[in-house]
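To start, the structure itself, in structure tokens.
Everything quoted here is computed from the prediction, not taken from an experiment.
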Amino acid sequence: MLRIYTLSNARFASVEPAEDAGFPPDTVWIDLFNPTAEEERLAEKQLGLFLPTREEMQEIEASSRLYQEDGGMFMTASVLYATETDAPGTAPITFVLKGQTLVTIRYAEPKSLTGFIAHAERQPMLCPSGSATLIGLLEAIVDRTADILERVAGEVDGLSQRIFKVHEAVHKRTTNEELEANLKQIGRSQNLVSKARESLVSLARLLSFLAVGDATKDKVFRTHLKSLSRDVASLTDHATYIGNNITFLLDASMGMINIEQNAIIKIFSVAAVVFLPPTLVASIYGMNFDIMPELKWAVGYPFALCLMVLSAVLPYLWFKRKGWL
């Protein structure tokens, strides 16, 4: 889908690939969302640029993501999407800035972009030029990433309280279902934080590349750019901090699991030690030898029973005294 945003209409309008009249002269923003080959050719013809393909956008080399060509600045960043689902991801979005026209090429629909588009149609002053539109988009992406990190930080704090049960007066043993739920939550949080950090790193590279372009001659643009760079740096540090906390909680959860397993093994070990002496006594008196004086005793059977009970009780009392139980 190819849509253009013009100053005169202050809203997006779809463009058919067969149109030959060209884009309006006050076109500020061209949005290519899942574009077809015809739509790409139309945009390239109007701009005089060769736009990157989907495969080229997915390359991770800096030279393939950040470059200048034919008077245009090509910048690709990874942006978070589907963060409210169990399978969040990052999608490459290419920003092409040529003169006062911005082109976005994307194959996903992050909430940051859809929210900015709706906001721009209500307030046209947000998109007076391509460079200003680019700054607005980047600010929307950074704000959305900050909200996601804030939500994950709250979830991690709640997870920490559940793991260590800091609000319980009497600590109860954690069930297997709770341990499994904690591990799943840790995995989801770690996955989301790692993708957020990946997005922030790509945005930091984009801002560094943009800082050396011609657009930085504008004082207002340069001010916004510096502010965004500081925000991205602080969010990257915050994402690292949250990631370290999640790693700690993972280690703590694994420690809890080991404690539960050790408690179970301890029960079996004590039971084996307690029942081993009675088993030995029973096996001795279960042998069918002719010369066994106890076999002729009238109290032989009660004697054997008392001996088995005594041999089980004495190790139990000894363990109890030592504090092993």
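Of the possible polar contacts, one joining the N262 side chain to the N258 backbone as a donor-acceptor pair under 3.5 Å is found. No donor-acceptor distance shorter than 3.5 angstrom exists from the side chain of S160 to the backbone of V156, with no hydrogens or angles considered. Side-chain atoms of K111 do not come within 3.5 Å of backbone N or O of Y81 as any donor-acceptor pair. Counting only distance, with no hydrogens or angles, the side chain of S202 and the backbone of S78 share a donor-acceptor pair below 3.5 Å. With hydrogens and angles disregarded, no donor-acceptor distance shorter than 3.5 Å links the side chain of E44 to the backbone of F50.
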Go through the steps for T83 and R144 under the test side chain to side chain donor-acceptor pair (under 3.5 Å), then give the verdict. CA-CA 10 Å; T83 57; R144 175 64 179 169; 3.1 Å; yes
Show your working on side chain to side chain contact (heavy atoms under 4.5 Å, CB included) between R151 and L192 and close with a plain yes or no. CA-CA 11 Å; R151 172 167 60 87; L192 188 54; 3.8 Å; yes
Using the rule given for side chain to side chain contact (heavy atoms under 4.5 Å, CB included), can you reason through L32 versus T94, listing the C-alpha separation, both sets of side-chain angles and the distance that settles it, and then say yes or no? CA-CA 10 Å; L32 293 167; T94 297; over 6 Å; no
Could you go through the side chain to side chain contact (heavy atoms under 4.5 Å, CB included) check for L80 and K195 one step at a time? CA-CA 7 Å; L80 286 169; K195 292 186 182 303; 3.7 Å; yes
Start with the C-alpha gap between S189 and Q185, add the side-chain angles, then the distance that decides, and say whether side chain to side chain donor-acceptor pair (under 3.5 Å) holds. CA-CA 6 Å; S189 299; Q185 182 61 47; 3.2 Å; yes
Under the criterion side chain to side chain contact (heavy atoms under 4.5 Å, CB included), I'd like the reasoning laid out for L210 against L134: C-alpha separation, chi angles, the key distance, then a yes or no. CA-CA 10 Å; L210 190 59; L134 175 60; 3.7 Å; yes
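Nearest approach of A108 to F33, heavy atoms of both residues: O-CE1, 3.4 Å. Residues E40 and P35 come closest through the heavy atom pair OE2-CG, 3.6 Å. Taking every heavy atom of both residues into account, N34 and E39 meet most closely at O-OE1, 4.3 Å. Considering all non-hydrogen atoms of both residues, A43 and L51 come closest at CB-CD1, 4.0 Å. Smallest separation of non-hydrogen atoms from Q190 and G243: OE1-O, 3.9 Å. Smallest separation of non-hydrogen atoms from S112 and V79: OG-CG1, 4.0 Å.
When N245, N182, I186 are each tested for a side-chain contact (heavy atoms from CB on, under 4.5 Å) with L250, only one passes: I186. Results of the side-chain contact (heavy atoms from CB on, under 4.5 Å) test with I4 over I30, D26, V28, T101 single out I30 as the only residue that passes. Each of D231, T236, T240 was checked for a side-chain contact (heavy atoms from CB on, under 4.5 Å) with L200, and the lone residue meeting it is T236.
The CG atom of D86 sits 10.0 Å away from atom NZ of K184, with the distance rounded to the nearest 0.5 Å. Between the NE2 atom in H119 and the SG atom in C127 there is a gap of 9.5 Å [rounded to 0.5 Å]. The structure places CD of Q58 at 9.0 Å from CZ of R65, a figure rounded to the nearest 0.5 Å. Interatomic distance, CZ of R230 versus CG of L235, reported as 13.0 Å (0.5 Å rounding). In this structure, OG1 on T27 lies 12.0 Å from CG on L102, to the nearest 0.5 angstrom. Rounding to the nearest 0.5 Å gives a distance of 4.5 Å between CG of L137 and CZ of F116.
Sparse packing is recorded around CD of E150, with 12 or fewer heavy atoms of other residues, nucleotides or ligands lying under 6.0 Å away. For R188, the CZ atom counts as densely surrounded, since its 6.0 Å shell holds more than 12 non-hydrogen atoms of other residues, nucleotides or ligands.
Hydrophobic cluster membership differs between L149 and V201, with clusters built from Ile, Leu, Val, Met, Phe, Trp and Tyr side chains linked at under 4.5 angstrom. In this structure, L307 is a member of the same hydrophobic cluster as L305, with clusters built from ILVMFWY side-chain heavy atoms closer than 4.5 Å. L310 and W318 end up in different hydrophobic clusters when Ile, Leu, Val, Met, Phe, Trp and Tyr side chains are linked at under 4.5 Å. Under a hydrophobic-cluster definition in which Ile, Leu, Val, Met, Phe, Trp and Tyr are linked whenever side-chain heavy atoms come within less than 4.5 Å, directly or via other members, F209 and I93 are assigned to the same cluster. Both Y241 and V193 are assigned to one and the same hydrophobic cluster, defined by single-linkage of ILVMFWY side chains at heavy-atom distances under 4.5 Å.
Residues passing the ring pair (Phe, Tyr, Trp, His ring centres under 6.0 Å) test with F303, sequence neighbours excluded: W297. In this structure F74 satisfies the ring pair (Phe, Tyr, Trp, His ring centres under 6.0 Å) test together with Y67, sequence neighbours excluded.
There is no side-chain donor-acceptor pair under 3.5 Å between T90 and S199. With 3.5 Å as the limit, one finds a donor-acceptor pair spanning the side chains of D31 and T104. Judged purely by distance below 3.5 Å, without hydrogens or angles, the side chains of R197 and T145 never pair a donor atom with an acceptor atom.
Ion pairing between R41 and E38 holds under the 4.0 Å rule for side-chain N and carboxylate O.
For the pair I105/M57, a side-chain contact is recorded, criterion being any heavy-atom separation below 4.5 Å from C-beta on. Side chains of V103 and K98 form no contact here, defined as non-hydrogen atoms less than 4.5 Å apart. The shortest distance between side-chain heavy atoms of K226 and L207 does not fall below 4.5 Å. Inter-residue side-chain proximity for V96 and M73 is flagged as unmet; no heavy-atom pair is nearer than 4.5 Å.
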Which atom pairs, donor and acceptor, lie under 3.5 Å between side-chain atoms of residues 267-284 and protein residues at least two apart or in another chain?
residue: S269; atom: OG; partner: I265; partner atom: O; Å: 2.8
residue: T279; atom: OG1; partner: F275; partner atom: O; Å: 2.6
residue: S283; atom: OG; partner: T279; partner atom: O; Å: 3.1
residue: S283; atom: OG; partner: L280; partner atom: O; Å: 2.6

